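Everything numeric in this text was worked out from a predicted model, so none of it was measured.
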2 protein chains.
Amino acid sequence: MSRAEGQRERTESLAHRVPDLAALELLLAVARLGSLGAAAREVGITQPAASSRLRSMERQLGVALVDRSPRGSRLTDAGALVTDWARRVVEAAAAFDAGARALRDRRDSRLRVAASMTIAEYLLPGWLLALHAERPDTAVSLLAGNSAKVAELLLAGEADLGFVEGLNVPTGLDSTVIAHDRLIVVTAPGHPWARRRRPLTAAELASTPLILRERGSGTRQVLDAALGGLARPLIELSSTTAVKASAVSGAGPSVLSELAVGEELSLRRLVSIPVEGVPLRRALRAVWPTGHRPTGPARELLSLTRA
Amino acid sequence: MSRAEGQRERTESLAHRVPDLAALELLLAVARLGSLGAAAREVGITQPAASSRLRSMERQLGVALVDRSPRGSRLTDAGALVTDWARRVVEAAAAFDAGARALRDRRDSRLRVAASMTIAEYLLPGWLLALHAERPDTAVSLLAGNSAKVAELLLAGEADLGFVEGLNVPTGLDSTVIAHDRLIVVTAPGHPWARRRRPLTAAELASTPLILRERGSGTRQVLDAALGGLARPLIELSSTTAVKASAVSGAGPSVLSELAVGEELSLRRLVSIPVEGVPLRRALRAVWPTGHRPTGPARELLSLTRA
DNA sequence: CCCTGCTCATAAGACCAGCTTATGCCCTCA
DNA sequence: TGAGGGCATAAGCTGGTCTTATGAGCAGGG
């Protein structure tokens with residue numbers, strides 16, 4: 001999929017076919033404000049620059065995006081679709097930015113967050129985005145690790161607020177449940193399980209070799225507990241992405257957080273297999289050193305995660 | 001949220017803080033191949049260019065992403081996180097590209113697809129991506145409209161395959177169910193419904209004014225049918241994005257496709273309210289003119305959507 | 001009735017960023 | 001110890017994209 005495509009895709013890679021972020025943001029501004037000039041002002045460039053950027057974007061895509069008139073500009077039908085896709089790219093970029101910003105401010109920060117991998121990857125960037133919208137001056141740092149690492153950082157005073165997804169709260173920490181996450185059994189659509197009519201039983205799941213994260217990961221922990229310590233690995237991989245890729249390629253069934261496979265499910269690269277009698281729901285918790293109730297930006301972030 | 005932020009964010013907009021797509025793709029290639037030079041070759045630039053790009057990306061983010069050694073390069077811990085966020089940006093960009101490519105090839109195309117808005121926005125770009133991976137030479141065009149429009153295009157021979165989300169299949173068309181979608185009731189987290197302990201009843205839902213798409217939209221149609229033609233609009237808006245924005249801002253409850261609100265739910269900008277006794281599940285169907293069973297690329301796309 | 005103010009487009013010139021080519025250093029393995 | 005792969009640095013060119021300056025179309029008010 002990668003090297004072969006890399007060869008064939010001499011059609012010039014994505015970056016040559018997709019407008020850059022600045023252009024996408026401009027398009028969103030035009031969509032919202034209904035005028036090239038106003039959009040130009042908002043993104044901090046001159047009107048002719050905006051005009052030219054938009055024009056070259058239309059040339060690049062081969063589609064007219066806005067109807068210009070002496071009274072303003074409005075999206076064409078195609079423009080409305082493109083704008084929605086652009087919005088999703090920009091949102092992903094904003095999440096990237098929020099995460100990177102947190103990493104950058106690691107040293108000299110006011111709010112230091114420690115989080116487990118799944119939460120750091122899939123949820124925190126969005127929360128940090130929201131926090132940044134309300135408190136733009138808060139410098140946030142982010143450290144990722146397993147539950148033990150999070151606890152260690154909090155107890156050593158090297159982090160102000162933690163997020164974990166395990167079953168048990170590490171000792172010395174207070175916690176509150178901020179959300180729930182479900183582990184789901186997934187396979188490639190071609191797998192026999194995808195055509196089952198009855199839910200999987202715990203025994204079947206326990207007796208089937210699965211594609212799993214390594215022992216010690218939060219996901220693996222919950223699964224082992226739910227099955228009574230019995231999950232049988234078919235392969236053990238060290239990142240969620242690798243597990244997903246392996247499952248998509250049809251290597252076997254896997255058990256993953258629903259947070260991690262949203263896109264794969266909606267594109268039907270993976271399908272979810274119902275299971276009965278296995279408690280795969282797990283709490284996501286915010287944690288902090290016992291007694292040190294979160295204050296200031298930590299408290300703000302905490303409240304954002306809950307409502 | 002927008003204009004005020006536009007002012008305050010003179011910290012330079014996203015495009016200045018997020019590396020461009022070419023750099024993100026390079027990072028992914030480095031992560032996968034474990035070498036700057038190999039990654040450079042894959043993306044079609046020279047090794048010094050890759051080195052410089054990567055370096056400026058690290059400078060921009062203020063974080064070391066890869067450990068260089070004379071034996072190759074590996075991601076740092078921070079680099080692994082950043083790579084995951086980068087992957088999501090690149091995936092969004094790939095979806096953008098797949099959609100835009102389909103729009104561009106509108107005229108001289110071999111496979112012409114007509115789809116309802118929700119499907120065109122949220123699902124088709126992914127499917128087209130998969131199709132492109134398997135059949136890179138297929139030129140696909142995309143037309144979006146409501147169910148009636150889709151039917152019209154198919155019957156006029158101006159489209160080869162359609163996708164609709166309504167309840168009833170337009171006459172003259174054959175169809176197959178390719179997936180299911182659920183409408184869900186959502187509110188901002190601060191709304192009283194977010195603290196309910198019991199599911200909402202049909203009567204409560206029917207008697208509460210809701211933020212809705214305009215009449216005639218697939219979503220509205222299903223909701224009206226489920227409630228017996230009784231949905232009461234609080235506001236009627238003409239795009240899903242506008243409805244979401246309005247709901248997030250706390251204007252009131254709304255009913256939306258779960259496809260449309262995935263991100264809002266996981267960021268808890270919106271919360272889902274359980275409902276009982278209202279059949280809000282709806283089928284997504286592929287449709288084609290009666291008798292003209294999809295063949296060639298249409299058949300390929302169809303099978304991709306199902307497995 | 002025309003003037004003012006909004007819209008967008010075009011033209012010409014300056015500037016900056018990123019690429020390529022050419023080199024050098026470091027490490028490992030045979 | 002020499003060959004090869006890995007990365008960094010330097011110099012020069014190329015190209016895109018911004019800015020300023022200007023023109024043209026349409027609306028609404030004095």
Interatomic spacing from CG in B:Leu36 to OG1 in B:Thr46 - rounded to 0.5 Å: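 Going from CG on B:Leu36 over to OG1 on B:Thr46, the span is 11.5 Å.
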Inter-residue atom distance A:Ser239.OG - A:Lys244.NZ, 0.5 Å rounding: 9.0 Å
Verdict with supporting geometry, A:Thr241 and B:Thr83, side chain to side chain contact (heavy atoms under 4.5 Å, CB included): CA-CA 11 Å; A:Thr241 308; B:Thr83 300; over 6 Å; no
Inter-axis angle, terminal five-pair segments of the helix from C:dC1-D:dG30 to C:dA30-D:dT1 [nearest 10°]: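 Rounded value for the end-axis angle: 10°.
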Contact under 4.0 Å: B:Ser52 side-chain N or O vs C:dG18 OP1/OP2: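 Looking at the OP1 and OP2 atoms of C:dG18, neither is under 4.0 Å from any side-chain N or O of B:Ser52.
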Sugar-phosphate, base or nothing in reach of B:Ser69, heavy atoms under 4.0 Å: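 The residue B:Ser69 makes sugar-phosphate contact but no base contact.
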Touch class at under 4.0 angstrom, heavy-atom based, for B:Ser73 against every strand present: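 Sugar-phosphate, no base atom in range.
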Sidechain N-carboxylate O distance under 4.0 Å for B:Arg68, B:Glu58: yes
Specify the separation, in whole Å, of atom [atom1] of [X] and atom [atom2] of [N].
X: A:Arg55; N: C:dA11; atom1: CZ; atom2: C1'; result: 14 Å
X: B:Leu26; N: C:dG18; atom1: CG; atom2: C1'; result: 13 Å
X: A:Arg53; N: C:dT10; atom1: CZ; atom2: P; result: 18 Å

Geometric class of the B:Phe163/B:Trp127 ring pair [parallel <30°, tilted 30-60°, perpendicular >60°]: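 Because their plane-to-plane angle lies in the 30° to 60° range, the rings of B:Trp127 and B:Phe163 count as tilted.
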Bounds of contact between DNA chain D and chain A, in 5' to 3' order, using a heavy-atom cut-off under 4.0 Å: D:dC18 to D:dA27
Derivation of the side chain to side chain contact (heavy atoms under 4.5 Å, CB included) call for B:Glu121 and A:Leu81: CA-CA 7 Å; B:Glu121 275 181 41; A:Leu81 273 179; 4.0 Å; yes
Detail all sub-3.5 Å separations between protein N/O atoms and N/O atoms belonging to nucleotides 21-30 of chain C.
none

Test side chain to side chain contact (heavy atoms under 4.5 Å, CB included) applied to B:Met117 and B:Thr240, step by step: CA-CA 9 Å; B:Met117 273 296 174; B:Thr240 302; over 6 Å; no
Sub-4.5 Å side-chain heavy-atom contact between B:Leu103 and A:Leu61: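 No, every pair of side-chain atoms sits at 4.5 Å or beyond.
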Test item: B:Leu27 and B:Met57 side chains (from C-beta on) under 4.5 Å apart, heavy atoms: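 With C-beta onward as the side chain, the pair touches.
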Step-by-step side chain to side chain contact (heavy atoms under 4.5 Å, CB included) determination, A:Ile45 to A:Arg53: CA-CA 10 Å; A:Ile45 60 179; A:Arg53 241 193 221 175; 4.1 Å; yes
Check: B:Leu256 main-chain N/O paired with B:Thr219 side-chain donor or acceptor under 3.5 Å: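 Not confirmed, B:Thr219 side chain does not pair with B:Leu256 backbone.
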